[in-house]
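Data block below; observations after.
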Amino acid sequence: MTLKVEGDPGYGSASARAPFTDLDGSETVPLLIPEDQPQQYIWKPLSRDELEKCAGGPEWNKFRSRLILCFWIVWLIMLGTAIAIIIQSPREVSPSLHWWQKDVFYRLQPALFMVADSDEVSPISRMSERLQYLRSLGVGTVILEGFFRHDRSPANLTEIDQSLGTLPQLTQLIIESRKAGVRVMLDLCELDLFEQESDNDTKVWSGSSENIQYSLRYWLEYGVSGFGICDTDAAFSAKTLMEWNVLMLEFSSQDDERILMVRQASNTLPALKVSNITVNGSLVELVTKSVIPPSHHLLSAAEVAEAMEASLQTPQEHWPSWTVGGRVPWELQRAILVLIMTLPGTPVIKYGDEVNPIQEQLNQPLALFQSLIQSRAREEALHFGRFTFLPFNDSMSSSGLNSTVTPPLAFLRSWGCVHFLVLFNLGSEPHTLDPDWAPSLPEGGVFVISTGLDRFGPVSLRSIKMQPHEAIVIKLFESDKSS
């Protein structure tokens, strides 16, 4: 049967055949040629020849090895040079201090704990209750004053004033103090240890030295760390001190030295005629001086400043000890506390000096004292560093000092590269330091302590404005201009 198709006559002809047809007109299927698959790369390490080729050849490999060797040789030379410089350069070595050079001493009188119409608890028992308080403050040694009667000659050192308590209570106080980590010293100042006789209008001191040594031995056996006398006492003689030193050595050990302490009432100690020196190059370990001389009246700010300047300018040959002898106005007590705690030597604080009456209103009465005692224990420069007095003159204060204005005071404590600047303004007027003041000091520092506990952060020495009755401690930044 013939199939007829309507449409283009050229459809299916050779001239217009389908794209997939052969020459004879038959239809064909297009040939599918697969694309080339990418060859999978197989990783393998380079051979020795390939490595040398990548590195530039064997010659470059040798040069690189020699270069690395030279680097290590130079590095070792530099390291050895640095170590040699450090070893040969002078450096500060912390001294080995005795306990009486580390501790803060605290003068305590049992009469201060006497309460009227109260016979149930003795003053000694009340003092025992204060031991933990003293230890929390950082006090290391307590000087017990006023236990022995002054109206007897010679004084009996194994008999105490009965109004203060009993002898067993005192010995128990000493034992409990040792357990609490607080040493105890007994003050024997102004006691007539020797019987006074008259010989041709001349006072002669007589008495049994054995009895006195027996009494001292009695207290040493209970753990007393030492005794204090005054330079005006009859016991302050070469003969007596040498005898007592032998007794101190007998009870001393490497970790528990027993010492003698002298409270200096005069400007200079009386000369002692001695043929040999026994303990630490001296007959006594500590000589306590009054940074403010004793007085019967309340000192003015100008008198306090004058006394302070005289004390600061007096050179100290041995390890000193400081206390406050005179009466100072209450507004200067904080500044005097800063002075005592930042001077070189052992500070001796009396009962009540640790309380700040101004900060007491803010429920922080002990903040200043605790800050000072912590700084002294932490900073070597404040503890045993070098002392340099920095004098002021008229050109150092932009406030224009005159005869009626109390000038500021300053000193420097240094140890190695660490410097502390201590400034005092005892007057009632503020002082702004001149920008050119102390050009040899570093230009900046950071506040450590201030009497008002209101100064913090960095400070420039060229722009310090000191408030009335203020003392500040500044830790100076390291500088090539530091002294």
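Since this is a predicted model, take the numbers as computed values, not measurements.
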Does the side chain of S225 come under 3.5 Å of the side chain of R178 through a donor N or O and an acceptor N or O? yes
Should I229 and L260 count as side-chain neighbours, where that means a heavy-atom distance under 4.5 Å? no
Hey, are E379 and R413 close enough for a salt bridge, meaning a charged N less than 4.0 Å from a carboxylate O? no
Got more than 12 heavy atoms from elsewhere within 6.0 Å of OH, Y133? yes
Side chains of S321 and T346: donor-acceptor distance under 3.5 Å anywhere? no
Apply ring-ring contact (aromatic ring centres under 6.0 Å, His included) to Y222 and Y218, showing your working. CA-CA 7 Å; Y222 275 104; Y218 173 86; 5.2 Å; yes
Side chain to side chain, I160 and I124, heavy atoms closer than 4.5 Å: yes
May I ask you to check whether E257 and H98 show a side-chain donor-acceptor distance below 3.5 Å? yes
With a 3.5 Å cut-off and no angle check, do the side chains of E176 and Q172 form a donor-acceptor pair? yes
Sub-4.5 Å side-chain heavy-atom contact between I474 and I464: yes
Do S253 and D255 pass the side chain to side chain donor-acceptor pair (under 3.5 Å) test, and can you show the C-alpha distance, the side-chain angles, and the key distance before you say yes or no? CA-CA 5 Å; S253 62; D255 300 328; over 6 Å; no
Going by atom type alone, with no hydrogens or angles, which donor-acceptor pairs under 3.5 Å involve a side-chain atom of residues 67-81 and a protein atom two or more places apart or on another chain?
unit_1, atom_1, unit_2, atom_2, d
T81, OG1, I77, O, 2.8

Do T323 and Q264 come close enough that some side-chain heavy atom pair is under 4.5 Å? no
Are any of the side-chain heavy atoms of W319 and E285 separated by less than 4.5 Å? no
Is the closest side-chain heavy-atom distance between I349 and F105 below 4.5 Å? no
Mind checking whether W219 and L170 have side chains closer than 4.5 Å, heavy atoms only? yes
Could you tell me whether Q101 atom CD has more than 12 heavy atoms of other residues or ligands within 6.0 Å of it? yes
